[in-house]
S.K.: 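Just passing along the structure, written as structure tokens.
All heavy atoms count here, side chains included; hydrogens, waters and symmetry mates do not.
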Amino acid sequence: KVIIKDTDRKKLIISQLEKLSRKLEISFNFDEKFISDVSRLVEFPNVLYGFFDEKFFSMPEDFLVSIISGQQNYFSFRNKEGKLSNVFAFITNNMSDELDIIKNGHERVLKARFKDALFFIKEDSEFKLEDRIQKLEKITYFNGLGNLKDKVLRLSKIADFICNFTNYKLSERERKIFSVSKTDLTTEMVKEFPALQGSVGAYYGELEQYKKSECQALIDQYKPLFSNDACPKSELSIYLSLSDKIDNIFSAFLIGKKPTGSKDPFGVRRAALGVIRILIENKVELNLKEILQNTVTLF
């Protein structure tokens, strides 16, 4: 009951997931890398599945997926309409579960995780994003570069340097979005689910009646996350994302954390490639050297 080769375990998992998808008329909501990661958790994989209560769809889909896959290493699926299904699958070494003991156990665990998230959301909602700005002082940005509140104060100033080339002027409302852009890092939800930073801020912003474009900017500030990820498109999203990445790059070099060889612990290369893609895809022309020379005055 041990399959030695990782590739063989992956094939077996994919085959069973495809069979399950056909049976329940659902589709995959995960990638090959996730299957690779999960395949290393078992020796003789068997795919089982369960369901969760649809009442949890009161949370955004990306929250649910982050819990299902990010925290629990379960598989999530989409229905015929392309919406998240309440079906989840998991991998086990057990070949059968005739009494549904394993299935019921995993359903209880997932239900508890969802309830935790709803509790965090309720607790977080007692404070507005704007009220959390002061709490950023307690979070160190990089050792030697102050705290996250210092960083947030720099962002709109870097955006001003960028706007000098684009003839765009940030409104006071847009400056507010810059100032709250990192406040979701103080929430219990992000502390528990770090991958949801940005998405949590957008969700809480939506609850506070922020405009759709403002909520989207809070998500887009981290984009593009990978080579084929979508780039920010709206002006607010573009300026926030560029400012954040330029600050990240500059900060890392200031404290000697520039990328060396294959190592890039602070994601400087990714940030630099992100800046390039945003400028090219949105046809924005800047003098990056001049912007960087101006940025140094903010530290």
S.K.: Looking at CG of Leu99 and CG of Asp97, how far apart are the two atoms once the value is rounded to the nearest 0.5 Å?
M.R.: 7.5 Å
S.K.: Taking Ser241 for the side chain and Ser237 for the main chain, is one N or O donor matched with an acceptor at less than 3.5 Å?
M.R.: no
S.K.: Testing Glu208, Glu130, Glu214 for salt bridge (Lys or Arg N to Asp or Glu O under 4.0 Å) with Lys176, which one passes?
M.R.: Glu130
S.K.: Between Asp124 and Arg132, which heavy-atom pair has the shortest distance, and what is it?
M.R.: O-NH2, 3.2 Å
S.K.: Give me the atom names and distance for the closest heavy-atom approach of Leu170 to Cys163.
M.R.: CG-SG, 4.4 Å
S.K.: For Lys83, is there an ion pair with Glu61 - N to carboxylate O distance below 4.0 angstrom?
M.R.: no
S.K.: Please confirm whether the backbone N or O of Asn143 pairs with a side-chain atom of Thr140, one donor and one acceptor, at under 3.5 Å?
M.R.: no
S.K.: Could you tell me the separation between the CG atom of Asp116 and the CD atom of Glu188, rounded to the nearest 0.5 Å?
M.R.: 11.5 Å
S.K.: Look at the rings of Phe34 and Phe75 and say which category their plane angle falls in: under 30° parallel, 30 to 60° tilted, over 60° perpendicular.
M.R.: perpendicular
S.K.: In Å and rounded to the nearest 0.5 Å, what is the OG to CD distance from Ser213 to Glu235?
M.R.: 10.5 Å
S.K.: Please assess Val268 against Lys258 for the test side-chain contact (heavy atoms from CB on, under 4.5 Å), listing each intermediate value before the final yes or no.
M.R.: CA-CA 7 Å; Val268 176; Lys258 61 182 180 181; over 6 Å; no
S.K.: With a 4.0 Å cut-off, would you call Asp247 and Arg154 a salt bridge?
M.R.: yes
S.K.: I'd like to know whether the aromatic ring centres of Phe299 and Phe250 sit less than 6.0 Å apart in this structure.
M.R.: yes
S.K.: Measure from the ring center of Tyr168 to the ring center of Tyr239 and say whether it is less than 6.0 Å.
M.R.: yes
S.K.: For the atom pair CG (Leu110) and CD (Gln71), what is the distance rounded to the nearest 0.5 Å?
M.R.: 9.0 Å
S.K.: With a 4.5 Å heavy-atom cut-off, do Leu242 and Val275 have their side chains touching?
M.R.: yes
S.K.: Is Asp160 salt-bridged to Lys169, cutoff N-O under 4.0 Å?
M.R.: no
S.K.: At what distance, to the nearest 0.5 angstrom, does CD of Gln197 lie from OG of Ser181?
M.R.: 11.0 Å
S.K.: Please find the pair of heavy atoms, one from Ser39 and one from Lys10, that lie closest to each other, and give the distance.
M.R.: OG-CG, 3.6 Å
S.K.: Hey, mind stepping through Asp6 and Arg40 against side-chain contact (heavy atoms from CB on, under 4.5 Å) and telling me if it holds?
M.R.: CA-CA 7 Å; Asp6 184 44; Arg40 299 187 184 106; 3.7 Å; yes
S.K.: Determine whether the aromatic ring centres of residues Phe114 and Phe52 are separated by less than 6.0 angstrom.
M.R.: yes
S.K.: Using a 3.5 Å distance criterion without hydrogens, assess whether the side chain of Asp220 forms a donor-acceptor pair with backbone atoms of Lys223.
M.R.: no
S.K.: For Ser15 and Lys19, which I'm curious about, is there any donor-acceptor pair between the side chains at under 3.5 Å?
M.R.: no
S.K.: Do the side chain of Asn282 and the main chain of Ile278 share a donor and acceptor less than 3.5 angstrom apart?
M.R.: yes
S.K.: Measure the CD1-CD distance between Ile280 and Glu285 for me, rounded to the nearest 0.5 Å.
M.R.: 11.5 Å
S.K.: As a test of understanding, state which of Asn46, Ile91, Asp8 forms a side-chain contact (heavy atoms from CB on, under 4.5 Å) with Ile13.
M.R.: Ile91
S.K.: What I'd like to find out is whether the side chain of Ser27 reaches to under 4.5 Å of the side chain of Phe77, using heavy atoms alone.
M.R.: no
S.K.: Keeping Asp100 on the side-chain end and Asn104 on the backbone end, is there a donor-acceptor pair under 3.5 Å?
M.R.: no
S.K.: What pair of heavy atoms forms the shortest contact from His106 to Tyr74, and how long is it?
M.R.: ND1-OH, 2.6 Å
S.K.: Check the pair Asp62, Ser199 against side-chain hydrogen bond (donor to acceptor under 3.5 Å, both in side chains), reporting the backbone distance first and the verdict last.
M.R.: CA-CA 8 Å; Asp62 53 348; Ser199 294; 2.9 Å; yes
S.K.: Give the minimum heavy-atom separation between Lys151 and Asn248, together with the two atoms involved.
M.R.: NZ-OD1, 2.8 Å
S.K.: Using modelled atom types and a 3.5 Å cut-off, is there a donor and acceptor pairing between side-chain atoms of Glu25 and backbone atoms of Lys80?
M.R.: no
S.K.: Determine the minimum heavy-atom distance between Leu129 and Leu218, stating which atoms define it.
M.R.: CD1-CD1, 4.4 Å
S.K.: So, Asp244 and Lys182, do they make that salt bridge, N to O below 4.0 Å?
M.R.: yes
S.K.: According to a hydrophobic-cluster definition based on side-chain heavy atoms being under 4.5 Å apart (Ile, Leu, Val, Met, Phe, Trp, Tyr only), do Ile249 and Val296 belong together?
M.R.: yes
S.K.: Does the pair Phe28 and Arg78 meet the rule for a side-chain contact (heavy atoms from CB on, under 4.5 Å), with working shown?
M.R.: CA-CA 7 Å; Phe28 291 5; Arg78 294 198 175 276; over 6 Å; no
